[in-house]
Undergrad: 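There's a structure below that I have some questions on.
All residue numbers refer to positions in the sequence shown, counting from 1. Only a predicted model underlies this, so the values are computations on that prediction, with no experimental measurement involved.
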Amino acid sequence: MNDQAHKSELIVRHEWSQFQQVNNQGGRANCQGNWPTFHQMRLSQFLTWRLEMLDSYAEDLDDADATGRNLLTEKYARMMESTEPERYHTELEPHMPKLEPERVKAQEAVIAQQVAWARDFREHFPKLGEAMRVLTTDEDVIGTTSFETYLRGELGTYSNRTFAMYAQMIVDLTGAGVNLTEETLRLTVSLGGFSSLEEAEAAQ
C-alpha cells in the first residue's frame with residue numbers, strides 16, 4: 001500500500017469512528033452500520049487528494065477529538081441549514097463554529113465548480129449519475145440531501161488550513177481540465193470491481 005492509500009485508509013477509519021457517534025434524530029441511521037459503502041465512497045474521495053491535504057485533514061480530525069468536537073456530526077448538522085432550516089437555526093447553529101464571510105465566499109466558488117463538474121459527469125454517464133445524489137440545493141427535502149448541500153456541509157468542517165489546500169487543488173484541476181467528480185467516480189467503480197466508468201455505466 002502506498003503512502004497516499006495508507007493515509008487515506010487511516011482517515012476513513014477515523015471518520016467512521018466519529019460517524020458512529022453521530023446522533024441521528026429518530027435513532028441510528030442505516031448508513032451508520034454500512035461500513036463497506038462508507039469505506040468505498042470516502043476512500044475514493046481521499047485517494048484524489050494530495051499528501052499534504054491528507055496530513056492536514058488527519059490533524060483536523062485529531063484536533064476535533066482533543067477538543068470534544070465531532071466533524072461528522074458538524075457536517076450533517078450544517079446540511080440541515082438547507083433541509084431543516086428552522087431546526088438548524090434554533091437548535092444547531094448556536095453550537096456550530098462560525099465561518100467568516102470570506103471563507104463562505106471561497107467555499108461557494110469551490111462548490112460552483114464542483115457542481116458544474118458533477119453536472120457534466122451526469123451528462124456523460126447518465127445511469128451512474130442517476131444513482132448519485134440529486135445535484136443542487138434547490139432539490140433538497142427532508143431525507144434527501146443534494147450533492148451541493150452535502151459538499152457545503154463537508155467543506156464547512158475543514159480547518160482554514162485544510163480548506164485553503166482543497167481550494168487550491170480545485171483551481172489547479174480546473175486549469176488542467178480535470179473533472180474531480182469523474183476522477184472520484186472512476187476510483188469508486190474501481191473499488192467496486194469495474195475496470196472503467198464505461199463498464200460500470202453499461203452494468204447499470
Undergrad: Would you indicate whether the side-chain heavy atoms of L51 and L54 approach each other to under 4.5 Å?
TA: yes

Undergrad: If the threshold is 4.0 Å, N to carboxylate O, is there a salt bridge linking E154 and R42?
TA: yes

Undergrad: State whether the side chain of Q18 and the backbone N or O of L71 hold a donor-acceptor pair below 3.5 Å, judged by distance alone.
TA: yes

Undergrad: For G156 versus R78, what's the shortest heavy-atom pair and its separation?
TA: O-NE, 3.4 Å

Undergrad: Look up atom CD in E139 and atom CZ in F147, then write down how far apart they are to the nearest 0.5 Å.
TA: 12.5 Å

Undergrad: Is there a path of hydrophobic side-chain contacts, each under 4.5 Å between heavy atoms of I, L, V, M, F, W or Y residues, that connects F38 with V189?
TA: no

Undergrad: From L10 CG over to E15 CD, what is the distance, rounded to the nearest 0.5 angstrom?
TA: 12.0 Å

Undergrad: Assigning hydrophobic clusters by single linkage (Ile, Leu, Val, Met, Phe, Trp, Tyr; side-chain heavy-atom cutoff under 4.5 Å), is M169 placed with F46?
TA: yes

Undergrad: Would you say R152 and M79 make side-chain contact, with heavy atoms under 4.5 Å?
TA: no

Undergrad: Does this structure show an ion pair linking R119 with E123, if we count only N-O contacts that are shorter than 4.0 Å?
TA: no

Undergrad: Tell me which pairs pass salt bridge (Lys or Arg N to Asp or Glu O under 4.0 Å) where either residue lies in residues 194-204, with sequence neighbours left out.
TA: none

Undergrad: Write out all pairs satisfying ring pair (Phe, Tyr, Trp, His ring centres under 6.0 Å) with one or both partners inside residues 164-198, taking only residues at least two apart or from two chains.
TA: W49-Y166, Y158-Y166

Undergrad: What residues form a salt bridge (charged side-chain N to carboxylate O under 4.0 Å, His left out) with D65, not counting sequence neighbours?
TA: none

Undergrad: Only distances under 3.5 Å count here; give the side-chain donor-acceptor pairs of residues 127-134 to other protein atoms, sequence neighbours excluded, each with its distance to 0.1 Å.
TA:
residue: R133; atom: NH1; partner: T145; partner atom: O; Å: 3.0

Undergrad: Could you pull out all residues at least two apart from Q107 that satisfy side-chain hydrogen bond (donor to acceptor under 3.5 Å, both in side chains)?
TA: R103

Undergrad: Which residue pairs pass the ring pair (Phe, Tyr, Trp, His ring centres under 6.0 Å) test when at least one of the two sits in residues 103-123, sequence neighbours left out?
TA: F121-F125

Undergrad: Can a side-chain donor-acceptor contact be found between E183 and Q45 if the only test is distance below 3.5 angstrom?
TA: no

Undergrad: So if you build clusters from Ile, Leu, Val, Met, Phe, Trp, Tyr with side-chain heavy-atom gaps below 4.5 Å, do M53 and L180 land together?
TA: yes

Undergrad: Looking at residues at least two apart in the chain, or sitting in another chain, which of them share a salt bridge (charged side-chain N to carboxylate O under 4.0 Å, His left out) with R69?
TA: E74

Undergrad: Can you find a pair of side-chain heavy atoms, one from L135 and one from E148, that are under 4.5 Å apart?
TA: no

Undergrad: What I want to check is whether the side chains of D140 and T83 have a donor and an acceptor closer together than 3.5 Å.
TA: no

Undergrad: Any chance you could lay out the side-chain contact (heavy atoms from CB on, under 4.5 Å) test for E91 and E86, step after step, and finish with the verdict?
TA: CA-CA 8 Å; E91 297 180 25; E86 184 174 337; over 6 Å; no

Undergrad: Is there a side-chain contact between L72 and W16, using heavy atoms and a 4.5 Å cut-off?
TA: no

Undergrad: Which residues satisfy the side-chain hydrogen bond (donor to acceptor under 3.5 Å, both in side chains) test with S159, sequence neighbours excluded?
TA: D60, T162

Undergrad: Got a second to check how far E102's CD is from N160's CG, nearest 0.5 Å?
TA: 10.0 Å

Undergrad: Between H14 and D62, is there a side-chain heavy-atom distance shorter than 4.5 Å?
TA: yes

Undergrad: Quick check: closest heavy atoms across Q4 and L47, and the distance to 0.1 Å?
TA: NE2-O, 2.9 Å

Undergrad: Tell me whether F163 shares a hydrophobic cluster with V104, the cluster being built from Ile, Leu, Val, Met, Phe, Trp, Tyr side chains joined at under 4.5 Å.
TA: no

Undergrad: Who are the ring-ring contact (aromatic ring centres under 6.0 Å, His included) partners of H39, not counting sequence neighbours?
TA: W35

Undergrad: To the closest 0.5 Å, what do you measure between CZ (R50) and NZ (K7)?
TA: 14.5 Å

Undergrad: Between T149 and T137, does any side-chain donor sit less than 3.5 Å from a side-chain acceptor?
TA: yes

Undergrad: What do you reckon, is NE2 of H124 surrounded by more than 12 foreign heavy atoms closer than 6.0 Å?
TA: no

Undergrad: What distance separates R13 CZ from L43 CG, expressed to the nearest 0.5 Å?
TA: 9.5 Å

Undergrad: Treating Ile, Leu, Val, Met, Phe, Trp and Tyr as nodes and any side-chain heavy-atom pair under 4.5 angstrom as an edge, say whether I111 and V178 lie in one connected cluster.
TA: yes

Undergrad: Could you tell me which residues satisfy side-chain hydrogen bond (donor to acceptor under 3.5 Å, both in side chains) with E52, sequence neighbours excluded, listed by chain and number?
TA: none

Undergrad: Check S44 against L187 and note the closest heavy-atom contact, atom names and distance.
TA: O-CD1, 3.5 Å

Undergrad: Partners of D63 by salt bridge (charged side-chain N to carboxylate O under 4.0 Å, His left out), sequence neighbours excluded?
TA: none

Undergrad: Restricting to side-chain hydrogen bond (donor to acceptor under 3.5 Å, both in side chains), what partner residues turn up for E59, sequence neighbours left out?
TA: none

Undergrad: Which heavy atom of Y88 sits nearest to which heavy atom of M96, and what is that distance?
TA: OH-CG, 4.3 Å

Undergrad: Taking the side chain from R161 and the backbone from S56, do they hold a donor-acceptor pair closer than 3.5 Å?
TA: yes

Undergrad: Where does the angle between the aromatic ring planes of Y76 and Y150 fall among parallel (under 30°), tilted (30 to 60°) and perpendicular (over 60°)?
TA: perpendicular

Undergrad: What's the spacing between L191 CG and T37 OG1 if we round to 0.5 Å?
TA: 11.5 Å

Undergrad: Any side-chain heavy atom of F19 within less than 4.5 Å of one from T73?
TA: no

